[in-house]
2 protein chains.
Amino acid sequence: MTSIASTEPQAGAAPLENFAIPRQSLHGQVVTRLRDMVTEGHLAPGQRINEVALGQALGVSRTPLREALKTLAGEGLVELVPTRGAVVRSFSLKDIADSMEVLKALEQLAGRRACAVATEAEIAHVLALHEELRERYAAGDRLPYFKTNQAIHSAIVTLADNPTLLRMHEILQAQMKRIRFIGHEGVEKWAAAMAEHEEMAAALARRDGEALAEVIGRHHDLGLERIREAY
Amino acid sequence: MTSIASTEPQAGAAPLENFAIPRQSLHGQVVTRLRDMVTEGHLAPGQRINEVALGQALGVSRTPLREALKTLAGEGLVELVPTRGAVVRSFSLKDIADSMEVLKALEQLAGRRACAVATEAEIAHVLALHEELRERYAAGDRLPYFKTNQAIHSAIVTLADNPTLLRMHEILQAQMKRIRFIGHEGVEKWAAAMAEHEEMAAALARRDGEALAEVIGRHHDLGLERIREAY
DNA sequence: TGCGGCCATTCTGCATACAGTGCACAAAAC
DNA sequence: GTTTTGTGCACTGTATGCAGAATGGCCGCA
């Protein structure tokens, strides 16, 4: 049989997963959209969410919207007040520091694990992202730099090959994303952050988990410092 | 006026808060109930959840039940399969090891922070729980020991005064609770675990964060070992 | 006898309808 | 003038109804 279902795929054929038709439930789409709206500031912190109004804006009935709000509440992006519905969560400085502390611990763990278990190809991929980050920095493009920056951190966590860790990291990163959009750091801080990224890339390249964890720790301490000033 | 609403309550009268009628939303109740059903094994892993049947069993319509399932999916206790609904998540050994690794990192962080910021009274409370644990161990009561054990770990995380950390710990602990019910460890392993708890209590009493983190790490490594054997 | 296609059943996903609660504004009493 | 109580409105919480998808069984055919 030469059917698609053959257990021996042709050499050079793409894996079957690549042909899957992306079928996201409406619920999932609403969650994604809402999360973006919160993290990108289209919904202000403290703002009450009117279900009918928001539902109409999204072109969705209240049911999937409410389910999405429950999901976002689990991620800590909104708070559910009984009989008052959902409120966009507003983060105090302590909230941010707390989340940052956990984020730091998770990424340090990820860094150690990544150095231990990642393939050469995976590491090369992160290093390629690092190259991209350098270019963004040299060009002075803040938003692209910011996105590549996040991509690198996520990529390192992905290398750790630990879905639980990845999920928790995603949740915290989404919370921080909302905040980081605020601060436009000074030139010298930006340079320091970039220097730390150089260190991170070097540590990863030589699979030095402890060194990577150390610099990741410093990197987050600086990040929190930066946020503190902007607040 | 001597009405109830008087701002000057009679001496000896109980504070008004004591008369508050506890009103948890139906959603919250369903979430709690379902979570218990999963962690205590009343819903078998891999089992599909029939919304109408379960709704009738709980005496609730499908709407709040579905919302609760979304919440539980966020906690990783059930999986949502498109057009097939919710399935009780079944954990592979790797899943457990992954979650345990994160749980370990979080508790180590909590231990360090607890030693730094906890009040004497809070530490005394944990030490009291530890006394209780000793008694359970001496009496050989496994289930009460298990509960007190979890209470201690949760209490230490609470001392860290970091709600984000606490929430993530709760999620992971709920996942592990489902697993730990399985294994009834041998006598020698139990003794080792108890000895580690003695070390933990001592480290906490003298606020030695590093020592506490170290023993917590060993404690979780042993815990994973124990689960590995039972699997 | 084995396989493939068709059909019915079942259950999810989404929308809508209804009931109940809280809040704000206003009016009245002290 | 201040406080309090009543009433209307707006919005959430819950239930139910309806359409679509997937699964499993059954029958026909090779």
Side-chain angles (χ1 to χ4, degrees), chain A residues 1-7 16 19-34 43-44 46-74 77-89, chain B residues 1-9 16-17 19-34 38 43-44 46-74 77-89:
Chain A
M1 283 199 291
T2 57
S3 81
I4 295 175
S6 166
T7 52
L16 287 176
F19 296 96
I21 298 171
R23 291 175 50 184
Q24 218 185 353
S25 66
L26 192 53
H27 164 75
Q29 294 180 50
V30 173
V31 168
T32 305
R33 179 65 60 91
L34 271 184
L43 291 171
Q47 181 179 339
R48 266 187 72 179
I49 289 177
N50 185 321
E51 295 176 358
V52 281
L54 186 55
Q56 283 180 346
L58 297 180
V60 173
S61 86
R62 285 179 60 213
T63 308
L65 174 60
R66 282 177 59 84
E67 293 179 350
L69 288 172
K70 296 285 189 296
T71 300
L72 260 61
L77 290 179
V78 303
E79 279 172 318
L80 298 179
V81 186
T83 73
R84 304 210 50 181
V87 179
V88 180
R89 182 166 162 207
Chain B
M1 283 201 289
T2 57
S3 80
I4 294 176
S6 165
T7 52
E8 291 284 336
L16 287 177
E17 297 85 84
F19 296 96
I21 298 172
R23 290 174 52 180
Q24 212 187 357
S25 68
L26 191 54
H27 167 75
Q29 294 181 48
V30 173
V31 168
T32 305
R33 179 65 60 91
L34 271 184
V38 172
L43 291 171
Q47 181 179 339
R48 267 187 72 180
I49 289 177
N50 186 321
E51 294 176 358
V52 281
L54 186 55
Q56 283 180 348
L58 296 180
V60 173
S61 86
R62 286 179 59 214
T63 308
L65 174 60
R66 283 177 58 84
E67 294 181 349
L69 288 172
K70 296 285 188 295
T71 301
L72 260 61
L77 291 179
V78 302
E79 279 173 319
L80 298 178
V81 186
T83 73
R84 304 209 50 179
V87 179
V88 180
R89 182 167 163 207

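The chains referred to below are lettered A, B, ... by the order of the sequence lines, with proteins before strands, and numbering in each begins at 1. The figures that follow rest on heavy atoms only: side chains count, while hydrogens, waters and symmetry mates do not.
For the pair R48(B) and V60(B), both in contact range of DNA chain D, the more 5′-proximal nearest nucleotide belongs to V60(B).
Residue E51(B) has its side chain nearest to dT12(C) when only dT12(D), dC14(C), dT12(C) are considered. In this structure, the nucleotide among dA15(C), dT14(D), dT16(D) sitting nearest to the side chain of R62(B) is dT16(D). For L26(A), the side-chain atoms get nearest to dA15(C) when compared with the rest of dC11(D), dA15(C), dT14(D). Of all nucleotides listed (dC14(C), dT12(D), dT12(C)), dT12(C) comes nearest to the side chain of N50(B).
No N or O donor and acceptor, one from the side chain of R84(B) and one from the base of dG13(C), sit under 3.5 Å apart. A donor and an acceptor atom never sit less than 3.5 Å apart when one is taken from the side chain of T83(B) and the other from the base of dA22(D).
Between V88(B) and A44(B) the shortest heavy-atom distance is CB-O, 3.3 Å. Between A68(A) and V30(A), the closest heavy-atom pair is CB-CG1, 3.5 Å. Summarising the geometry of P64(B) relative to V60(B), their closest heavy-atom pair is CG-CG1, 3.1 Å, with the distance given to 0.1 Å. When all heavy atoms are compared, the tightest approach of G55(A) to L65(A) is N-CD2, 3.5 Å.
The residue V81(B) sits close only to the backbone: its heavy atoms come under 4.0 Å of sugar-phosphate atoms, none of a base.
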